[in-house]
Structures are given as C-alpha cells and as structure tokens.
2 protein chains.
Amino acid sequence: MRIKSVRVTPIAFRDPPLLNVAGVHEPWALRSIIEVETSDGRVGLGESYGEATTLADLDAIAPSLIGLSPFDLNALTRAVYARFPGSGDPAAQFPAGGDKARASALGAFEVALLDLQGQIAGLRLCELLGGAVRERVPYSAYLFYKFARHKDPAVPGDDWGEVLTHAQMVGETRRMIEAHGFGSIKFKGGVFEPEYEIETLRALRAAFPDHPLRIDPNGGWSVATTRRVMPLLDGLLEYLEDPVGTLAEMGEVARFAGMPLATNMVTIAFGHIPETIRLGAVQVILSDHHYWGGLRATQHLAQICRTFGLGLSMHSNSHLGISLAAMTHVGAAIPNLAYAADTHYPWQVDEVIAGGKLRFEGGMLAVPKGPGLGVTLDRAALAELHENFLRCGIRKRDDGAEMRKHQPGWNGKRPRF
Amino acid sequence: MRIKSVRVTPIAFRDPPLLNVAGVHEPWALRSIIEVETSDGRVGLGESYGEATTLADLDAIAPSLIGLSPFDLNALTRAVYARFPGSGDPAAQFPAGGDKARASALGAFEVALLDLQGQIAGLRLCELLGGAVRERVPYSAYLFYKFARHKDPAVPGDDWGEVLTHAQMVGETRRMIEAHGFGSIKFKGGVFEPEYEIETLRALRAAFPDHPLRIDPNGGWSVATTRRVMPLLDGLLEYLEDPVGTLAEMGEVARFAGMPLATNMVTIAFGHIPETIRLGAVQVILSDHHYWGGLRATQHLAQICRTFGLGLSMHSNSHLGISLAAMTHVGAAIPNLAYAADTHYPWQVDEVIAGGKLRFEGGMLAVPKGPGLGVTLDRAALAELHENFLRCGIRKRDDGAEMRKHQPGWNGKRPRF
C-alpha cells in the first residue's frame, strides 16, 4: 500500500478577540488540513498551521511523499529534511537552535501517516502508539481576557462578551466549566500589569477553590518583575508558565521560583533540551506534536521527561477537531502525562470534521472510536473554511497589528512588564 | 486478537572458553526462548537471559499477559512492573539506581509482542518501527583471547584453538573476517596486563590497517592505569569501551581520554542518563534491547543520544538468532546507529531458528524477510537445547568459578590492573 496523493488545504475559521502578550486574536485563525491518500483510497488526516511559510513548506514537500509506505516514517523524515538543507540529516544531533519549521512540517504529515497506519491495521491510533493508559484525556479551561467584539464592524460579535475585569473573568470561567466540566484552569496573562492579573487569579481561586490554576504571561515579564510578584503567587499555582521569554531567564527565575516552571516557548525542540537540563530552567514541558515533529516524537519527548524527572503537559494553538483527536490519542498513550492539557477548542465554533465538534465531558475528551484518528472530513465544511481562507486576506498571523486597530499606540515590545 | 498463551523455555548452547575480566566462558551458555501465542495461533518470539532469576521473573509475569492485545505495550509494561513492587510505576521517573531485571523482563516480552504486531500487520518489524534506513546492518568482529579447550575433558574442543599470543589473535581475527567480512574489530580485554593487550592491538592494527579498532577491558582497569596507558592508545581506537568500572570513574577518564568512551556497564538504564550527561562520562552508548526494555525503548534511547550528541552502538551477550534478528530490525530502523554493532553470534554453533544460522555478508546482516522478526522456531532444535539446559547443571553464569578450574588461585577482584 503506497501513498498516491497528498492534498494540503488552507482554511480560516472564526476566532474571538482573545487578548495576549502579542496583542489580540484576529477575526480569522489560519490552519491547514492535510489529506494523504493511499492507492486503495484510504485518506489519512493531519492539521497544522496555515500561515504562508508553513503552506509553502507543506506544498513543497508533498510531491516527495508519493510512493512511500504510510509506515515509513523514516522516509517521511528524509523527505521533510530535504526541504530544509543545511539543517542536518536525520542521524545528526538535533541543532541547538531548534528546527521549528522542519519539525512542524514533519508533524503535519506524520499524523496523517499514523492515521493511515491505524486504518490499515484496524487499530485506534492510541493502540498503535502503545495502548491507551486512559480512555478519557483531561483538558483545562483556557481563559483569556477578551474584547467584546472585533474592531471591524462587519465581523459579528461572539456571545462571550467583554472580559477585562476580575468579575467578568470569573463569569467566563464559570461558563467554560459549566459547559465542559474542566477540572483545571489555565489563565492567559501578559496583558495587564502582573499585580492586576494576579488579582484576577485570586478571584478565580476564591470562586473555584479546588481547581488547579496556572498563569501564562507568554514571556511578558522581566526577571525582576517575576521576582517582585513571586510572593503574590505563593501557593496559588500548579505551575507558572513562561513568565520570561528566554531559556537563560527561565533558568534565573527557577532559582527563586516557589512553584514548577512550565514552557512552550523556551524549550520547543529536542535541540533545546540539553541546555534546559543544564540550567534546571524548566520543570514541566508543554509538548505540542505540531512543532515537536509528530506523535512518535511526542512519545520520545515523554520518555526524555521521564528520564530527567520533568513533568509533561500539552500546549495548544487555535485548532479544530483533527488536532484535538491527535492530541487525545497521544495523550491517552503516554503514561507520564501528568497535567490536564491546554486547548483553545472551546473558543472555536467552526469545525472541519464530520459530525461537528467533539464534546468534552467532565473536562475530558474520550478517545475517538474507530481506526486511526477516528475522525473524518466534512467536505462541505472544508470547502467553506477554505473559502474563508481565500476571502479573509490574512496570510500571516499578526495579533499586534490587530491590537493597534483597537489601541493605535499599542507597543508589542517584550518584556512588557 | 488476544494473547492466549505464553511459553518460556530455558535452553543451553555450547560456548567456547572465551576469556574476559570475569574469568572464562563456561561450556554452556544459558538463554530463554519466549513464545507468545495469540488466539488465532500466531506465535511471537523473544530471546533473553536464561539464568534462574530471569526465568523466575518471566514465569511469574507470563500468566498476566493472557488476554492482552499484542499491541498494548503499555499494558505489558504494567504487567511487568507489577512483578517489581517498589520500583515505581510506568509514569514515574526512572530510578537513578537502574532497573535491569525489570527492563530485561520487559524487553524479553516486548520483542515477542512486536513480532506478533508485524505478523498481524503484514510488516517486517523494521517497517513497523518506522522503516528501514538500511537494509543491511553492520556488525563487528568480536575477538577474544581464549583457551584451546574447556577444562572438563568430556567437553569437545572447538576448532578455534588457543588464542593467547599476538600472532594467535591476528589469526583468529583473520579467520573471523574472512568468514564474515566484518569491517570493524572489537577486542575483548581486561585479561592480561594492559600493555600486553595494547601490543595485541598494535598487531591487529598492523595486520588490518583499515579496520576501526575497539578494546573493552570491562572495567578491569583503574583510573590510574587508564591514565598510564592512554598515550599507548593514542590514535589506535575508534572508541575505548568501559576501561573503568563506575560512572564516576568514567567521568574522570573522560577528562583525559584522547578518544570517545563507550559503555555497556555504567550507563545501562534510563535512570543512569542524567548523571552520565552531567559528568560528560560517555560519548557512545552501547544499547542492548535485552536490558533497556525492548526495541521501542531502544528507539527512545537513540533519540536521547541524538538529542545530547551521543553516539549509539549495540552491545551483545552470547545469543542465538532470535536476538540477532531483533537487533538487526531495530538497527535497520534507527537513523543514528553510527557504529558496527557487537555480536557474539559467530562464536555460537548451535541455533534455535528454522533454517540454521543467519549469515553475515560483507560484515553485515540483511534484515530478515517476512513479517515480524522474520524468523521461526526449529522445534527439534529447541527441544534439544532445552535438554542441554536440563543436563548441563548451570543455573547461574559464573566465569570466575570456571576460571579457577584452569587457575586455582585466580582472583576476580576488579580493577584487575
């Protein structure tokens, strides 16, 4: 059984005006849907970034997959690496500088090939990955400050309304938890002065006394600021995510932090791990198969975390159901996944898989049934979301430019605080 | 498809009187053959150690595998871990002290389950493991000083004769290379004074100027001795394997060694890796799926080596064709296997697989054809080798006791030199 064709379809879906250190989400989030079809007509699915650079990589690599076996992940790796000359061969040490574009392209196609492997073997993907150690994977409530609506008056508003005050954030959280049952709270910071955000955290702690809390300023704080606010965070957090923006700074913070430090910003590739270990800079890695190189790479990362006594959780960008299914399968198969995973999924109203949105119950997603990923495309939805892409005009995410539509003087300099 | 039965058959096969730091090989080497049978009559094969402690572990674990899917390696891991209470759960950090018995039991069964997976999916094991990056896996000539024959006059002699002088070793090497085409030489030291063994190395270098050379004193040297002979080794070696016996000592040697240091003695479990990295004690890990926990664990180890810029090769104990097939499949699937692997296989005349001994060509073994491992049992041979086990009286390898039959005053104290 060989790969006969590869299709990469860029899409755009509606996204609310969620605030973060880089600005505010634009009305449309970009994504790509990868279809890898075999000679006998099976289709394996993947989902990845939708920016122009990613699309160019995926389109350039796609033809070289024709004729490969869906099981030959080493051949896939070689095909992907050939697109990035000078970045090393599959046997060389991982580059210390990271290889995000390369690993992202690998992850985009790898999931589709694994989906095919599961379909061919008649196994759910989690079974192919070593067996489900849990049938339901826990996710966290991912909370944002947000504007009431996008600046462009032609874009319809969402039904979450404005969330800028502590009370509004408690309301957002209550709705999120009532709808999905989440048992952990991740709160996106880096938007306001740290002291204000920590007051929001305290309001969340009072309203949800049993929910583990995390805050993620996305590297928006300086080391000095982090040191200043550390006493305020004492006893509040499950972990502190990316308070500062570089690995060296995280190493500094680790020396005075009173809680584990987590990251999806400073340790984002295998090549970053030796220095991460040397500095003791991070205690929890937020894995993400989209940029670590796929689900098998995520399992390698999990084994590295186990070896070095690091915690493992999962990071999320705005995404749809194919990515969520992949996260859930690998999350089900990794014994040492110790935290509820992040997901933007509840913020998305659009979907590309048949049957509509996957549903959380009790804050967990059940592993999809059926072989492979267990999800299939809704082709009408795919066509519609592709039309969105063609019409929306966005080709590169720019939360800063969007923010300046609201606040013309806004300055994205980091650290902000 | 579920596991219906598990059989563990201890065997003994003839072994020549090969010398090493622990003494001399006994006339019989012990091994276990693992058969895991599914409800539809497929049989997956494994091969592991045959000492009483290993057999007790395997026999105790075997019943708990009944009813599992051959794909559920996580369930296998839990079943194995349940035999070793207090040694941690599958999600915990690897213990710093290592877990050799636990990982060995896991590896023994894991290969049999992977063999079944390959058979069920109709894939060669290397394909299941991510695809063959090489169709032929290189092995090295594994050279030993040896006695002409065992002490027991009832044991027939072998046709290699005595190898105690430099000229005899050159002869042994020539025969080994002419028969199998090996392109690298691993020389087992720790037997005589280092200066004598290095003279032997020089004779090998003169006779085989293009073959990379390694010496393995099995931790038989002190740090001071290693420092003393280091100038004599200058420019001679591809790597120096386990000159000293502890991780801390390897760290000391690494500070003055003029070549990479390799090990299969001080870094033999995931729990040893953090300290290995911290000390910079080892540059090449000699992996061995038998005690690292199987072939998937070997792939994890390979990724760790790639991440930290360590070399990867493969270690061998005395073994038969099932182990060689497993080594070859995983060796074919690991891109960063950078050295010819060790194997005792040419020293063994017995075999347990149908069709007799696998054959090296040009120093390489072609990946076996057919799904899974691609080898099947010769049941008559298995019965005969099991009879050997029952008759030979050996239940625990003791090279030192065997050595004292030749040299009554022999003292196995290490470091010997």
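Keep in mind that the numbers below use all heavy atoms, side chains included, and drop hydrogens, waters and symmetry copies. Every chain is numbered from 1 and lettered A, B, ... according to where its sequence line falls, protein lines coming before strand lines.
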Part of A/L123 within contact of chain B (heavy atom distance under 4.5 Å): side chain
Which atoms of A/Q117 are under 4.5 Å from chain B, going by heavy atoms: the side chain, the backbone, both sets, or neither? neither
Quick one, A/I277 and B/P274 - any side-chain contact, counting heavy atoms below 4.5 Å? no
Identify which of B/A338, B/G130, B/A269, B/G131 forms the greatest number of heavy-atom pairs closer than 4.5 Å to chain A. B/G130
If you take all heavy atoms of B/V133 and A/R78, which pair is closest and at what distance? CG1-NH1, 3.5 Å
On a heavy-atom basis, which atom in A/P90 and which in B/P335 lie closest, and how many Å separate them? O-CB, 3.7 Å
Decide whether a cation-pi geometry holds between A/R306 and B/F94; the criteria are a distance under 6.0 Å from NZ or CZ to the six-membered ring centre and an angle within 45° of the ring axis. yes
A/Q303, part contacting chain B, at a heavy-atom distance under 4.5 Å: both
With distance as the sole test, does B/N74 use its side chain to make a donor-acceptor pair with the main-chain N or O of A/A333 at under 3.5 Å? yes
Full working for side-chain contact (heavy atoms from CB on, under 4.5 Å) between A/H300 and B/Q299: CA-CA 8 Å; A/H300 287 312; B/Q299 291 185 293; 4.2 Å; yes
Return the option, out of A/E127, A/H272, A/R296, A/R278, with the maximum number of heavy-atom pairs under 4.5 Å with chain B. A/R296
